[in-house]
Amino acid sequence: MDEKKPDKVPNWKRDFPIQKKKATHVSRREFAKYLGLFSGTLALGNGAIVIKSLYFPEEELKGEHFVCNQADVPVGEMFQFEVAGTTVVPYILIHLEDNEWRAFEQKCTHLACAVRYRADIEKIECPCHKGYFNPRTGDVLQGPPPRPLPQLAVVVKDGQIYVKAKDQEKFI
Amino acid sequence: MSNYRRSQNQAHPNKTNALMTGILVLLILFVSIQIWFLFGALNNALRENFNFALTTFIGSSILAVASFWLLRYLPDPIDSPDNEL
């Protein structure tokens, strides 16, 4: 009984074959190994998310930031502004009736399209996929967005509008 | 010279095939679930939902370990001059 196979090719030779046909061939065995590797990579990616949310949480807006004068934005209009921070995020300021002011991030929570306030239907609309948000709370009314729009608190001082981080941040 | 293993392989050539297919199907299933977890974690991490990120990470790690463990059972190729590509 000869257990030793005479034509056994060593692994290093198998990995770097001379013939192109052999080099380009991916056997099912190798495919399974690739899947295993991919599986490990996905687990690492998931770990990266955990590390990011543990050690690099999103920074809250610090202090109050001047946006514009109260007279610049009539009732039912929206004003687009940016607050310079670590990353520049576009925001919108909405002047609702009864002198109510709201400020939201302009990035739709679905695919980051720019949202806009529509006074005729009194909703914030994402024109890309017809997502609608409540202009008072930022909650999703309709469409594909999975989360409400992030909101800032608006402060009116001497006819000038300032924004600051909203106090009631939800940590689940 | 023939031995037991070779004659088994010759008598039931589909055994290796079935085993390989089963392992591949399981691996693809695991990877699909992991992609689902990763997608969910990315979506939820945006809202500072730490528990979801942690739970999916644990689940994904278990699936990855299961994938590596499955690779142990990959059947050896039937080495013969005819089967060599």
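We name chains A, B, ... by the order of the sequence lines, and we start the count at 1 in each one.
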Exercise for the section: Indicate if B/V25 and B/L29 have the same hydrophobic cluster label, given that clusters are the connected sets of ILVMFWY residues with side-chain heavy-atom separations under 4.5 angstrom. Expected result: no

Exercise for the section: Determine the minimum heavy-atom distance between A/R28 and B/N17, stating which atoms define it. Expected result: NH1-OD1, 2.6 Å

Exercise for the section: Please state whether the side chain, the backbone, both or neither of B/L38 comes within less than 4.5 Å of a heavy atom of chain A. Expected result: both

Completion exercise
Residues of residues 32-46 of chain A with a heavy atom under 4.5 Å from any heavy atom of chain B, in residue-number order, are A/A32, A/K33, A/L35, A/G36, A/L37, A/F38, A/S39, A/G40, A/L42, A/A43, A/G45, A/N46

Exercise for the section: For residues B/L24 and A/F31, determine if any side-chain heavy atom of one lies less than 4.5 Å from a side-chain heavy atom of the other. Expected result: yes

Practice task
Answer yes if A/F81 and A/W101 sit in the same cluster of Ile, Leu, Val, Met, Phe, Trp and Tyr residues linked by side chain heavy atoms under 4.5 Å apart, and no otherwise.
Solution key: yes

Problem - Over 12 foreign heavy atoms within 6.0 Å of CG, A/D120 - result: yes

Exercise for the section: Specify which of B/L74, B/I62, B/I23 makes the most heavy-atom pairs with chain A at under 4.5 Å. Expected result: B/L74

Exercise for the section: Go through the atoms of B/I35 and report whether side chain, backbone, both or neither lie under 4.5 Å from a heavy atom of chain A. Expected result: both

Practice task
Can you establish whether the number of heavy atoms outside A/I18 located under 6.0 Å from its atom CD1 is more than 12?
Solution key: no

Practice task
Using disulfide (SG to SG under 2.5 Å) as the criterion, list what pairs up with A/C68, not counting sequence neighbours.
Solution key: none

Problem - Residue B/F30 versus chain A: region with a heavy atom under 4.5 Å - result: neither

Problem - Linked, directly or transitively: B/Y73 and B/I28 (ILVMFWY side chains, under 4.5 Å) - result: yes

Problem - Transitive ILVMFWY side-chain link B/L42 to B/V31, under 4.5 Å - result: yes

Handout entry: With sequence neighbours excluded, residues passing side-chain hydrogen bond (donor to acceptor under 3.5 Å, both in side chains) with A/E100
Key = A/R102, A/R136

Fill in the blank from the handout: Those residues at least two apart in sequence (or on a different chain) that pass side chain to side chain contact (heavy atoms under 4.5 Å, CB included) with B/L54 are A/V50, B/F50, B/I58

Practice task
Report the distance from atom CZ of A/R29 to atom OG1 of B/T16, rounding to the nearest 0.5 Å.
Solution key: 11.0 Å

